[in-house]
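What follows is a short report on a single structure.
Side chains are part of it too, since the values below use all heavy atoms of this structure and drop only hydrogens, waters and symmetry mates. Since the structure is predicted, the reported quantities are computational estimates derived from the model, not experimental observations. Lettering follows sequence order; numbering is per chain, from 1.
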Amino acid sequence: MPHRDTVSWNSIITGYWKNGCFDESKRLFGLMPTKNVVSWNSMIAGCIEDERIDEAWQYFQAMPQRNTASWNAMISGLVRYDRVEEASRLFEEMPRRNVISYTAMVDGYAKIGEIEQARALFNCMPQKNVVSWTVMISGYVENGKFDEAENLFEQMPDKNIVAMTAMITGYCKEGKTDKAKILFDQIPCRDLASWNAMITGYAQNGSGEEALKLHSQMLKMGMQPDHSTLISVLTACSSLASLQEGRKTHVLVLKSGYESRISICNALITMYCKCGSILDSELAFRQIDHPDVVSWNAMIAAFARHGFYDRALASFGEMRSNRVEPDGITFLSLLSACGHAGKVHESLNWFNSMIESYKIVPRPEHFACLVDILSRGGQVEKAYKIIQEMPFEADCGIWGALLAACHVHLNVKLGELAAKKIVELEPQNSGAYVVLSNIYAAAGMWGEVTRVRGLMREQGVKKQPAYSWMEIDNKVHFFLGDDASHPEIHRIRLELKGMKLQMIADDDIEEVFSACSC
DNA sequence: CGAGAGCCAT
């Protein structure tokens with residue numbers, strides 16, 4: 001039967017591109033005696049899988065007849081590469097739309113941030129299924145509309161694991177890992193993606209401890225981690241600054257065979273940096289054959305964090321001679337290098353060169369970084385000028401940087417202003433009151449000190465004591481500033497003195513560095 | 001035999 005024969009051809013053709021051999025699919029397609037609409041659709045899908053969207057369009061144009069699946073394949077292909085305008089045009093043109101066509105467009109609008117448009121289309125869909133609901137929910141999550149996501153999730157008739165995972169991500173992005181965990185525990189048969197979502201959520205919220213715990217629980221249940229799991233576990237190690245855990249995870253990376261994945265290497269660079277071993281950061285970097293922009297950015301940021309301004313700069317030069325285009329984050333790393341080295345003037349140069357030579361539009365983070373550098377450098381007036389002139393509203397972080405600098409470099413007028421802004425933005429922020437009263441105290445304005453303290457009592461604002469802690473032999477030791485209550489305080493002070501001396505002696509750390517690096 | 005969803009690095 002000739003029909004049966006075409007079906008076999010189609011399966012083989014699809015099998016080839018699914019295994020990354022699109023050219024073989026193409027060859028076979030050319031040899032086929034009779035092609036049906038499914039054969040053509042398979043070729044469109046193959047092109048899209050191989051990132052050859054314009055070739056997909058050629059097949060779409062050339063095919064003798066199209067069915068709804070052909071139009072849908074083309075639409076979702078365009079959506080995948082952010083060409084939503086074109087997808088929308090096809091959607092309007094197509095003769096019959098089904099739930100898949102609508103869902104693909106909802107996804108498309110959400111992807112480009114047209115979340116209202118996505119919702120409007122979602123609302124007028126003739127029928128919806130679980131995928132439509134899931135797309136809409138994760139669209140809200142991606143666009144930071146967490147309340148809308150939660151609302152829709154609650155209304156969703158048949159919640160499945162994919163929607164629940166999207167919602168877990170939503171809760172975590174909002175910082176509500178507790179809510180996420182409750183949902184996670186409700187999933188009957190957790191799969192890899194749902195484990196990954198929860199581990200990532202913990203890792204990105206600074207709950208490294210929980211992330212590691214969940215990861216080992218996952219391993220105990222016989223679930224194999226993939227590269228995405230390992231990246232999140234590395235992030236968790238970074239947030240804990242635990243070199244021990246970091247090395248253990250690195251071993252797991254090697255065992256799992258993901259060590260050549262560039263995203264894994266990039267995560268290793270950052271992990272080793274944040275765990276204190278810049279040498280291992282560089283080793284991880286040097287292991288990458290063709291570092292991408294993320295690798296370079298991570299390496300520059302690592303040097304910056306460890307105070308190696310010159311090395312950060314040299315990396316940038318090397319990056320450019322390797323013809324990797326810097327992006328906004330590259331300059332953020334360079335600015336951070338300036339900040340750690342106290343290079344105020346240089347930071348302004350980098351900022352200007354970013355805009356003028358590299359045509360990169362500065363984002364709020366760039367301004368925040370600049371304000372921080374100028375503030376720390378004592379140029380509080382100039383920092384304030386930048387805040388006034390930048391095209392964004394300053395957030396608490398920016399005002400906080402200025403406020404802190406006003407304390408160090410004693411500027412009562414700007415300090416008052418910054419504190420006022422912070423209290424406006426976050427009425428419960430006790431830090432602003434405390435720093436302001438310290439500024440008044442430093443200026444000898446004792447009346448004002450009393451006034452601010454009274455204000456704090458009135459507003460019911462309590463000072464949150466900032467403490468740090470460390471874990472030794474499964475016992476957690478807490479420390480407050482000026483805290484002498486630890487039973488071994490004398491030994492601690494002795495050790496600190498020793499470290500201080502060592503830090504002074506380590507001034508020639510550059511030498512140590514070149515002796516060790518490869 | 002063909003079309004839509006969740007998790008990942010700076």
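Between the side chain of A/N160 and the base of B/dG6, no donor-acceptor pair of N or O atoms lies under 3.5 Å. One donor-acceptor pair, N or O on each side, does fall under 3.5 Å between the base of B/dA3 and the side chain of A/N98. At a cut-off of 3.5 angstrom, counting only N and O atoms as typed in the model, there is a donor on one side and an acceptor on the other between the side-chain of A/D191 and the base of B/dG6. Evaluation of atom-type donor-acceptor distances gives no pair under 3.5 Å for the side chain of A/N297 against the base of B/dA9.
Between the side chains of A/N196 and A/T229, a donor-acceptor pair is found at a separation under 3.5 Å. Looking at A/E150 and A/Y171, their side chains do bring a donor and an acceptor atom within 3.5 Å of each other. Checked by atom type, the side-chain pair A/Y140/A/R119 shows a donor-acceptor distance below 3.5 Å. Side-chain atoms of A/D372 and A/S375 form no donor-acceptor pair, as typed in the model, at a separation below 3.5 Å.
Sorted by first and then second residue, the ring pair (Phe, Tyr, Trp, His ring centres under 6.0 Å) pairs involving residues 323-347 of chain A (not counting sequence neighbours) are A/F316-A/F331, A/F331-A/Y358. Within the structure, the ring pair (Phe, Tyr, Trp, His ring centres under 6.0 Å) test picks out the following pairs touching residues 253-275 of chain A (sequence neighbours left out): A/H250-A/Y272.
Using a 4.0 Å heavy-atom distance criterion, A/V131 is classed as a base contact. Nucleic acid contact class of A/E365 (heavy atoms, under 4.0 Å, all strands): none. No engagement by A/S42 is indicated, since no non-hydrogen atom pair under 4.0 Å with the nucleic acid exists. A/I199 comes within 4.0 angstrom of nothing in the nucleic acid, heavy atoms only.
Across the protein-nucleic acid pair, A/I300 atom CD1 and B/dT10 atom C1' stand 10 Å apart, rounded to whole Å. In this entry the distance linking CG of A/L121 with C1' of B/dG4 reads 13 Å, nearest Å. Rounded to an integer number of Å, the gap from OH of A/Y171 to P of B/dG6 is 19 Å. Distance CG (A/L268) to P (B/dC8): 18 Å, rounded to an integer number of Å. Following rounding to the nearest Å, A/K111 (NZ) and B/dG6 (C1') show an atom-to-atom distance of 14 Å. The interatomic distance linking A/L183 (CG) with B/dG6 (P) rounds to 16 Å, in whole Å.
The phosphate of B/dA9 has OP1 or OP2 within less than 4.0 Å of a side-chain N or O from A/Q204.
Using a 4.0 Å cutoff on non-hydrogen atoms, the parts of residues 243-267 of chain A near DNA chain B are A/S263, A/N266, ordered by number.
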